[in-house]
Amino acid sequence: MTFAGKPPIFLLEASSTMHAERMKLTMANSTPALTTDEIFYARAGLDRRRVEHIVAETLSSMDDGELFLEYRQSESLVFDDGRLKSASFDSAKGFGLRAVVGESTGYAHATELSEAALKRAAQAVRAVKTGFSGAMSERPSATNRRLYADINPLSSLPFETKTKVLQEIDAYARAQDQRVRQVTASLLGSWQAVEIIRADGSRATDIRPLVRINVAIVVGDGDRRETGSHGVGGRTPYDLFVGANAWRAQVDEALRQAVVNLESKPAPAGEMVVVLGPGWPGVLLHEAVGHGLEGDFNRKKTSAFSGLMGKRIAAKGVTVVDDGTMPNRRGSLTIDDEGTPTERTVLIEDGVLVGFLQDRLNARLMGTRSTGSGRRESYAHMPMPRMRNTFMLAGGMAPEEIVASVDKGLYAVNFGGGQVDITSGKFVFTCTEAYRIENGKVGAPVKGATLIGNGPDVLTKVTMVGSDLKLDTGVGTCGKDGQGVPVGVGQPTMRIDGLTVGGTEAA
């Protein structure tokens, strides 16, 4: 399992008044997205009744299944080394038809939205039910909730404005410090329309906007070069992130990180106390613990957490949730990719394992219910249990108290991502910004530190949890079984005793 993207953090508690005013501005400057009826029927030429009939006939006597229709537009603009290096626009459409019998799944997909293609797919997936007669599982509940606006962010700003913003980012970054050697800035946006049709004719639809802005800066002093990066994004148009105040904050943070790294010394190595900063370091929680709490790994008993439901797997005071219902967040979804409304799922409560993340298939086989966590990268992929926005709740300690409690250790505030082996729970993370802690104070920055540990073990070593819960800024992407989906992470400052740090200098 891998996690990409490295943004710093923002405070979880935002001003509702400011948010409302921003959304008014956003809606005024944005183009409403096409409806799913316009996309899949009026424009593609499908007949809804015929489609529903084919789906009903195909899934007759199955345990579960659905037709997943998708249309997606995406764009990417990259400004590098003083010029627009690339600009691309892409659109994709297609469907995936799934039939589920017991633990077996028949799946077929195509880029052609036509009745003929759908019939061919139906013939292929019917093979899964040979010699089987079952009853279709109850359909997902419906919802009228909307976590983001039905808008097309790609049309919220003209191309000329987007390229001008990237030029201004480059010029501003170079003007801040004469040590700047290279600036890379990018804007990435997409909007996805999905419709999910079940055997009983019920359907669920969603229009999903998603944008990102990223800045990476290389600074140099003599022969030494160091990099800092920062990004921000969410399920909104670009408007919230490309105003001068917004993008300057991204540049300032990327430059700050690069300069810190330019002054860094070799990292210490050995077992020591590690203090994780708030926000983005929650990627450790995502990798080391989150994947192991997904339903498929636990049903197959390949997770290091298998068989531990109801048992203590973390220190008291540690509560972890996965929340798909946070408005405009990158990892949020109104409905998952099986049509189930998302929810706030408590995974660990006061150190005790209380929940798994479930899609429909694994929930049925484990005798429980879906948590709205069935996600897929596209119509060409089958859904599976995935995280959404995963974070640890705040504790009662002031962050300053946590740092002050450490005589000698490491303060890690940014990561480049990480990897975990689900079966063993072993993980490794590379720190992109870290500092020594000496005599209760944050000291010199260090370079090349890696954190090495074991998922089921690491949360039992948490001895202090801060009051400063923050979430990442919205650019994370999680990889699992070859599928990448947008997610969010977060946590407060926390102290972990006895974590192994890989470095080049003795502790």
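Salt-bridge formation is not detected for the pair R224/E263: no Lys NZ or Arg NE/NH1/NH2 atom is positioned less than 4.0 Å from an Asp or Glu carboxylate oxygen. The pair E103-R299 meets the salt-bridge criterion, since a charged nitrogen lies less than 4.0 angstrom from a carboxylate oxygen. The pair D177-R256 does not count as a salt bridge, with every side-chain nitrogen at least 4.0 angstrom from each carboxylate oxygen. Salt bridge R181/D221: absent, no basic N to carboxylate O contact under 4.0 Å. Between E400 and K441, no side-chain nitrogen of the basic residue sits less than 4.0 Å from a carboxylate oxygen of the acidic one, so the salt-bridge criterion is not met. Between D468 and K470, none of the side-chain N atoms (NZ, or NE/NH1/NH2) sits under 4.0 Å from a carboxylate O, so this pair counts as no salt bridge. D350 has a carboxylate O that lies under 4.0 Å from a charged side-chain N of K316, or vice versa, which qualifies the two as a salt bridge. Salt bridge status for R329 with D472: present, with a side-chain N to carboxylate O gap under 4.0 Å. Using a 4.0 Å cut-off between charged side-chain N and carboxylate O, K85 and D81 make no salt bridge.
Taking the centre of each ring, H381 and H109 stay at or above the 6.0 Å mark.
Between T477 and V487, the closest side-chain pair of non-hydrogen atoms is not below 4.5 Å. Annotation: side chain of M387 is in contact with side chain of H286 (closest heavy-atom distance under 4.5 Å). Side-chain contact between V180 and V218: absent, with no pair of heavy atoms (C-beta onward) separated by less than 4.5 Å. Counting heavy atoms from C-beta outward, V446 and Y435 have side chains that stay 4.5 Å or more apart. Between P445 and K265, the closest side-chain pair of non-hydrogen atoms is not below 4.5 Å. Looking only at side-chain heavy atoms (C-beta outward), Y379 and V194 stay at 4.5 Å or farther from each other. In this structure, the side chains of L333 and I335 stay at 4.5 Å or more apart for every pair of heavy atoms. Between V321 and T345 the shortest side-chain heavy-atom distance does not fall below 4.5 Å.
The shortest non-hydrogen separation linking W191 to P153 is CB-CD, 3.7 Å. Annotation for C431 and F415: closest pair SG-CE2, 3.7 Å, computed over non-hydrogen atoms. For the pair A288 and V458, the tightest heavy-atom approach, listed with the atom from each and the gap, is CB-CG1, 4.5 Å. Heavy-atom minimum distance, P456 versus G425: CD-CA, 4.1 Å. Across A304 and L308, no two heavy atoms sit closer than the pair O-CD1, 3.9 Å. The shortest heavy-atom contact between A434 and A412 is CB-CA, 4.2 Å.
A distance-only check finds a donor-acceptor pair linking the side chain of R388 to the backbone of G372 [under 3.5 Å]. In this structure a side-chain-to-backbone donor-acceptor pair under 3.5 Å is present from Q483 to E377. Not a single donor-acceptor pair under 3.5 Å links the side chain of E438 to the backbone N or O of V406. Without hydrogens or angle criteria, R375 side chain to P486 main chain gives a donor-acceptor distance under 3.5 Å. Without hydrogens or angle criteria, R235 side chain to P209 main chain gives a donor-acceptor distance under 3.5 Å. A donor-acceptor pair is defined here as one N or O able to donate and one able to accept, closer than 3.5 Å; no such pair exists between the side chain of R98 and the backbone of M382. Checking side-chain atoms of E294 against main-chain N and O of G290 turns up no donor-acceptor pair under 3.5 Å. Of the possible donor and acceptor atoms, none in the side chain of R386 sits under 3.5 Å from a partner among the backbone N and O of P383. In this structure a side-chain-to-backbone donor-acceptor pair under 3.5 Å is missing from R146 to T334. Between the side chain of N298 and the backbone N or O of G292, at least one donor-acceptor pair lies under 3.5 Å.
Results of the salt bridge (charged side-chain N to carboxylate O under 4.0 Å, His left out) test with R364 over D64, D63, D359 single out D63 as the only residue that passes. Of the residues listed (T463, T493, I402, V465), the one engaging M397 in a side-chain contact (heavy atoms from CB on, under 4.5 Å) is I402, and it is the only one.
In this structure, OG in S229 is found 8.0 Å from CG in N214, a value given to the nearest 0.5 Å. With values rounded to the nearest 0.5 angstrom, Q358 atom CD is found 10.5 Å from E338 atom CD. The CG atom of N362 sits 11.0 Å away from atom CG of L357, with the distance rounded to the nearest 0.5 Å. Here OG1 of T473 is found 11.0 Å from CD1 of I213. Values are rounded to the nearest 0.5 Å. The line from CE of M326 to CG of N328 is 10.5 Å long, rounded to the nearest 0.5 Å. Separating the OG1 atom in T342 from the CG atom in D336 is a distance of 7.5 Å, to the nearest 0.5 Å.
In summary, the side chains of E70 and Q192 do present a donor paired with an acceptor at a separation below 3.5 Å, with no hydrogens or angles considered. There is no side-chain donor-acceptor pair under 3.5 Å between N261 and S264. Looking at N414 and E433, their side chains do bring a donor and an acceptor atom within 3.5 Å of each other.
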- request: Start with the C-alpha gap between K461 and D457, add the side-chain angles, then the distance that decides, and say whether salt bridge (Lys or Arg N to Asp or Glu O under 4.0 Å) holds.
  value: CA-CA 7 Å; K461 297 181 176 181; D457 180 56; 3.1 Å; yes
field: Audit row: K311, V352, side-chain contact (heavy atoms from CB on, under 4.5 Å) steps and yes/no
entry: CA-CA 5 Å; K311 300 183 183 297; V352 176; 6.0 Å; no
- prompt: L410 and L451: side-chain contact (heavy atoms from CB on, under 4.5 Å), yes or no, with the steps?
  reply: CA-CA 10 Å; L410 187 77; L451 303 186; 4.0 Å; yes
message: If you apply the rule side-chain contact (heavy atoms from CB on, under 4.5 Å), what do you find for R145 with T325, and how did you get there?
response: CA-CA 9 Å; R145 178 187 63 198; T325 68; 3.4 Å; yes
- request: Tell me, with the steps shown, if I207 and Y148 meet side-chain contact (heavy atoms from CB on, under 4.5 Å).
  value: CA-CA 9 Å; I207 302 290; Y148 30 82; over 6 Å; no
field: Pair N389-S332, side-chain hydrogen bond (donor to acceptor under 3.5 Å, both in side chains): steps then yes or no
entry: CA-CA 7 Å; N389 301 301; S332 295; 2.9 Å; yes
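F68 carries R376 over the face of its six-membered ring, with the cationic atom under 6.0 Å from the centre and within 45° of the normal.
Counting non-hydrogen atoms of neighbouring residues, nucleotides and ligands closer than 6.0 angstrom, the NZ atom of K426 reaches no more than 12 such neighbours.
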